[in-house]
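Notes follow once the structure below has been shown.
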Amino acid sequence: MEINKIMVIGSGTMGSGIAQVMAETGYQVILNDIKQEFLDKAIEKIAKQLDRDIQKERKTEEDKTAILERFTLSTDYADAKDVQLVIEAATENKTIKLDIFRKLDEITPAETILASNTSSLSVTEIANATKRPDRVIGMHFFNPVPVMKLVEVNRALTTSQETAEAIFDLTKKIGKVGIDVKDSPGFAVNRILIPMINEAIYTVYEGVASAEEVDEAMKLGANHPMGPIALADYIGLDVCLAIMEVLYEGFSDSKYRPCPLLKKYVEAGRLGKKTGQGFYSYK
Ligand code: CAA
């Protein structure tokens, strides 16, 4: 089956980035969200990114027009009736995701692949909410999607080899590199990255070094493009905490205990860049 039409569910940071990359590659993209205003904002953001590419002479006005023409905006899952692939990038909430997959399973053709951008939920459980668990898979992108080269191809226990191959093929076509990962708490990247961030927060919490010093240390001492505390603010402290909790529960191992300071920031609503305040201020 050839993929040419894709629905992306969720037009937030991840969904809009995924949709942009797909449209830039030449796919017809139906961008879906619950409200038209979210979609309008996402398209505006994508158009701005394309303008930046034009300024930098990486794209032309014609490219921009062609890319934007590949988009259809949708607030109805029924619009997925003739797509070959759905990539769900809705909010990281199990009940919401399971509900979306149940609905998609009823609407889309039997051969359509249903992929989730989940960063921490069980793909196997999501697959099991459908009658096509062999055609459900994780396709995990990284923020900012247009820049980050990796796609974690997270196979559910039930994912068929044919489905995994189709997703690896697509990953290559969009100019990214796929890694083959089995369904497991935090998959590969977040299992390594988020405990590192949690440890950085512990380093601040225990007064070993300030947030600025920890970030400077990891930028200059380990060549990270962004320090771990700044990265935590960038990812969202609520997202970091949720992933730590999945690791803590999933492995029943105290080494994944979320730092109390991380919890306090989330309780205070200081979620990072998106709220204007995390470990750093963005106001
Ligand atoms: N969208 C598109 N392009 C963007 C962008 C965005 N949101 N943000 C930055 N860029 C581009 C810029 O246009 C620029 O490209 P050019 O130089 O070709 O014009 C390039 O990225 C570098 O940007 P900047 O010069 O502004 O800033 P920088 O050099 O500090 O890079 C960064 C910014 C790419 C974000 C870099 O700091 C970085 O790689 N940080 C780490 C990001 C990371 O680890 N992400 C993964 C988070 S984990 C996750 O996403 C998954 C999860 O489940 C939690």
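We count ligands from 1, going down the list as the structure has it; atoms in each ligand are counted the same way. What you are looking at is a predicted structure, and each value in this text was computed from that prediction instead of being measured. The first residue in the sequence is number 1, and the count goes up from there.
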Modelled atom types, side-chain donor and acceptor of Q49 and D53, under 3.5 Å
no
Any chance the side chains of T130 and D105 put a donor and an acceptor closer than 3.5 Å?
no
Please classify the L231 to ligand 1 contact at 4.0 Å (heavy-atom distances, strictly less than): side chain, backbone, both or neither.
side chain
Please confirm whether M14 comes under 4.0 Å of ligand 1, counting heavy atoms of the residue only.
no
What's the shortest distance from atom 3 (N) of ligand 1 to any protein heavy atom, and which residue and atom give it?
V147 CG2, 3.3 Å
Which residue and heavy atom of the protein sit nearest atom 49 (C) of ligand 1, plus the separation:
F142 CD2, 3.5 Å
Under the 4.0 Å line, does any protein heavy atom show up next to atom 32 (C) of ligand 1?
no
Does atom 28 (P) of ligand 1 have any protein heavy atom closer than 4.0 Å?
no
Counting non-hydrogen protein atoms only, what is the nearest one to atom 1 (N) of ligand 1? Give residue, atom name and distance.
Q49 NE2, 3.1 Å
Looking only at side chains, do E92 and S119 share a donor and an acceptor under 3.5 Å apart?
yes
Can you check whether a protein heavy atom sits less than 4.0 angstrom from atom 25 (O) of ligand 1?
no
I'd like to check atom 22 (C) of ligand 1 in this structure: does the protein have a heavy atom lying under 4.0 Å from it?
no
Assess the side chains of R132 and T108: does a donor N or O sit below 3.5 Å from an acceptor N or O?
yes
Please give me the minimum heavy-atom distance between R135 and T163, naming the atom from each residue.
CA-OG1, 3.6 Å
For E62 and T65, which I'm curious about, is there any donor-acceptor pair between the side chains at under 3.5 Å?
no
Run the salt-bridge test on E44 and K41 with the 4.0 Å N-O cut-off and return the result as yes or no.
no
Under a 3.5 Å threshold, yes or no: a donor from one side chain and an acceptor from the other, between E88 and S116?
yes
Looking at R58, which atoms of ligand 1 are within less than 4.0 Å of one of its heavy atoms?
16 (P), 18 (O), 19 (O)
Which residue and non-hydrogen atom of the protein lie closest to atom 46 (C) of ligand 1, and at what distance in Å?
N143 O, 3.5 Å
Applying a 4.0 Å heavy-atom criterion (strictly less than), which segment of V145 is in contact with ligand 1: side chain, backbone, both, or neither?
neither
Nearest neighbour in protein (non-hydrogen) for atom 36 (C) of ligand 1
P225 CB, 4.1 Å
of all protein heavy atoms, closest to atom 37 (O) of ligand 1 is M226 CE, 3.7 Å
Between L193 and ligand 1, which residue portion shows a heavy-atom distance shorter than 4.0 Å: side chain, backbone, both, or neither?
side chain
Tell me yes or no: between the side chains of D33 and S11, is some donor less than 3.5 Å from an acceptor?
yes
Yes or no: does H224 have any heavy atom under 4.0 Å from an atom of ligand 1?
no
Atom indices of ligand 1 within 4.0 angstrom of M148 heavy atoms, with elements:
42 (C), 43 (C), 44 (O), 45 (N), 46 (C)
So which heavy atom in the protein is nearest atom 19 (O) of ligand 1, and how far is it from that ligand atom?
K56 NZ, 2.8 Å
Indicate yes or no: does an N/O atom of R52 lie under 3.5 Å from an N/O atom of ligand 1?
yes
For the residue pair T158 and D134, confirm or rule out a side-chain donor-acceptor distance under 3.5 Å.
no
Heavy-atom protein neighbour under 4.0 angstrom from atom 39 (O) of ligand 1:
yes
Can you check whether a protein heavy atom sits less than 4.0 angstrom from atom 8 (N) of ligand 1?
yes
Does ligand 1 have any atom sitting under 4.0 Å from a heavy atom of T13?
no
Within a distance under 4.0 Å of any heavy atom of S119, pick out the atoms of ligand 1 and give their elements.
53 (O)
Any donor-acceptor N or O pair under 3.5 Å, side chains Y280, R270:
no
4.0 Å protein heavy-atom contact status of atom 44 (O) of ligand 1, strictly under
yes
Near E162 CD, under 6.0 Å, is it more than 12 heavy atoms from other residues, nucleotides or ligands?
no
Proximal ligand 1 atoms for I235, defined as those under 4.0 Å from one of its heavy atoms:
47 (C), 48 (S), 54 (C)
Considering only protein heavy atoms, determine whether one is less than 4.0 Å from atom 5 (C) of ligand 1.
yes
With salt bridge (Lys or Arg N to Asp or Glu O under 4.0 Å) as the criterion, how do K131 and E106 come out once you've worked through the C-alpha distance, each side chain's angles and the decisive distance to 0.1 Å?
CA-CA 9 Å; K131 292 183 203 76; E106 280 167 22; 5.3 Å; no
Membership question, hydrophobic clusters at under 4.5 Å side-chain separation (ILVMFWY): are V189 and F168 in the same one?
no
Quick check: are there more than 12 heavy atoms from other residues, nucleotides or ligands sitting under 6.0 Å from OH of Y282?
yes
